[in-house]
Amino acid sequence: MHHKTIIEPFRIKSVEPIRLSSQEERVQYLKEAHYNLFQLTSDRVIIDLLTDSGTSAMSAEQWGGIMRGDESYAGASSWLRMEAEIKDLTGFPYVLPTHQGRAAERILYSYLGGEGKTFIANTHFDTTRANIEYSGATAIDIPIAEAYEPEQFHPFKGNMDTDKLRALIEEKGGANIGAVILTVTNNSGGGQPVSMANTREVAAICKEAGILFLLDACRIAENAYFIHWREEGFVDHAYRSIAQEMFRLADGAIMSAKKDAMVNMGGFLAVKDADIADACKNMLIITEGYTTYGGLSGRDMEAIAIGLQEVFFPDYLKYRIRSTTYVGDKLREKGVPIMWPVGGHAVYVDAKAFYPNIPVEEFPGQALACDLYLAGGIRSCEIGSVMFGKYTDDGQLIPAATELVRLAIPRRVYTQSHMDYMIETFDGLMDNRDKRTGYTITYEPPFLRHFTANFEPKG
Ligand SMILES: *Cc1c(COP(=O)(O)O)cnc(C)c1O
């Protein structure tokens, strides 16, 4: 018989209790957190969808690897295992271990960047942009136009606009471009995939112009799943071989192991070019650690090597992508406005459409995130004018382009009933949603205010 139900392809061996709370308790908790979900302690959260980064559950194999970890300073067997795994996956001869993705970014972009350089990406992730700009260089995003249409279906909304790429190379001159970067999947919009055809085209353009082409490969396994099922000619290709093919088109890659390597901390940089590798290794030793551990313990490296294999298991990837899609489909059936199609690791709710009466100056995304917490103990993340809004000189808000709430799904952590509970929480919010009021900011720091700002409900 053919089963319709896709099950979690794992049994649970070790459990972490969730402390349930009442709505009255949460009213108090939220007040104490100044209506900022970053300021909640995790024991006051029932379902934590703040991020998929570093929140994965490790497998029994990975925990076994933790015990096997070789903590030798130089040449540890755990390093050799991680290095071999990454070389096989990426095809790049030089691998540098780092404590997380942004450390690899800092090392690579401080070497490639600097005043006068331009970097071009489908979309730079925020730490990528920050490291590039910190070096004095400029970061330009050129996703395809469909990326800005929340309701419009496109199978590869993460693609780069290659006409714009050609025009930018023409305008800036190839020698002034530090690198072209494809973020796979593209984090903005909830992990929209990039096609192999787009990757090939970007690679060919870069090769012809003599420009370095890099992958920000945090979610390359999730991306491979979409290529397998959505792109012509890949249905017979294994997920891992699709990822390998993608890496072979690039000159180097950065990866935060906190995503698709399914560990809680770690990252790496891998490159083809010996000179780049040498320069980066010198920086690695100064700021991260010796070349055979970077910023990692032996046990972390062991777990990364295992996670990079497990993430390509077909049953895992099917469960992973289908469970994210499940959440999106169910919310859409209820009439909750979301970014469409659903990407790999998160569902984005359009808070401006959900709360049409709340003006952007009162942060509809913040209101929805707080309401989800009050109604269900769910922690989500506002991605809108709290995170990206700016002010004019006379203090008027310049709102972000969109007011979104991200529901990021940790890997192998929650079951379908957890997701059903979360989806059900929206039922209570659907009524009266044209009568809701928003929030005002009562304290904010000069930078990255979403982490530490305080709020108060309006009216
Ligand atoms: C998480 C992430 C990074 C940065 O990695 P950290 O491990 O958080 O430092 C870079 N790029 C993308 C696309 C990411 O999702």
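Remember, it's 1-based here, ligands and their atoms both numbered in the order they're listed.
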For this session: Kindly identify the option in Arg102, Arg129, Lys259 whose heavy atom sits closest to atom 1 (C) of ligand 1.
Result: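 It is Lys259 whose heavy atom sits nearest to atom 1 (C) of ligand 1.
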
For this session: Verify the ring-centre separation between Tyr239 and Phe312: is it less than 6.0 angstrom?
Result: no

Problem set entry | Within the 6.0 Å centroid threshold, strictly below: Tyr421 and His418 |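 No; His418 has its ring centre 6.0 Å or more from that of Tyr421.
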
Among all protein heavy atoms, pick the one closest to [atom] and tell me residue, atom and distance.
atom                    : answer
atom 6 (P) of ligand 1  : Gln100 NE2, 3.4 Å
atom 4 (C) of ligand 1  : Thr127 OG1, 3.4 Å
atom 7 (O) of ligand 1  : Ser256 OG, 2.6 Å
atom 11 (N) of ligand 1 : Asp216 OD2, 2.7 Å

Exercise. Of Tyr439, Tyr29, Phe455, which is the lone residue that meets ring pair (Phe, Tyr, Trp, His ring centres under 6.0 Å) with Tyr35?
Worked result: Tyr439

For this session: Would you check if Tyr73 and Tyr293 make a side-chain contact, meaning some heavy-atom pair closer than 4.5 Å?
Result: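 Contact flag for Tyr73/Tyr293 side chains = yes.
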
Exercise. Just wondering, do Asn454 and Arg449 contact through their side chains at under 4.5 Å, heavy atoms?
Worked result: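 No. Closest side-chain heavy atoms not under 4.5 Å.
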
Can you list the atoms of ligand 1 that are under 4.0 Å from a heavy atom of [X]?
X      : result
Thr183 : 13 (C)
Glu105 : 10 (C), 11 (N)
Asn187 : 14 (C), 15 (O)

Exercise. Where's the contact between Lys258 and ligand 1, heavy-atom distance under 4.0 Å: side chain, backbone, both or neither?
Worked result: side chain

For this session: Output every pair passing salt bridge (Lys or Arg N to Asp or Glu O under 4.0 Å) with a member in residues 305-323, not counting sequence neighbours, ordered by first then second residue.
Result: Glu222-Arg320, Glu310-Arg412

Problem set entry | More than 12 heavy atoms of other groups within 6.0 Å of Arg81 CZ |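 More than 12 heavy atoms, drawn from other residues, nucleotides or ligands, come within 6.0 Å of this atom.
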
For this session: Evaluate whether atom CD of Glu71 has more than 12 neighbouring non-hydrogen atoms of other residues, nucleotides or ligands under 6.0 angstrom away.
Result: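 Yes, because the 6.0 Å sphere around CD of Glu71 holds more than 12 heavy atoms from other groups.
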
Problem set entry | N/O separation below 3.5 Å, Gly101 to ligand 1 | yes

For this session: Consider ligand 1: state whether an atom of it lies below 4.0 angstrom from any non-hydrogen atom of Arg219.
Result: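 Distance cut 4.0 Å: Arg219 passes for ligand 1.
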
Exercise. Would you call Gly267 a ligand 1 contact, heavy-atom distance under 4.0 Å?
Worked result: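 Under 4.0 Å: no for Gly267.
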
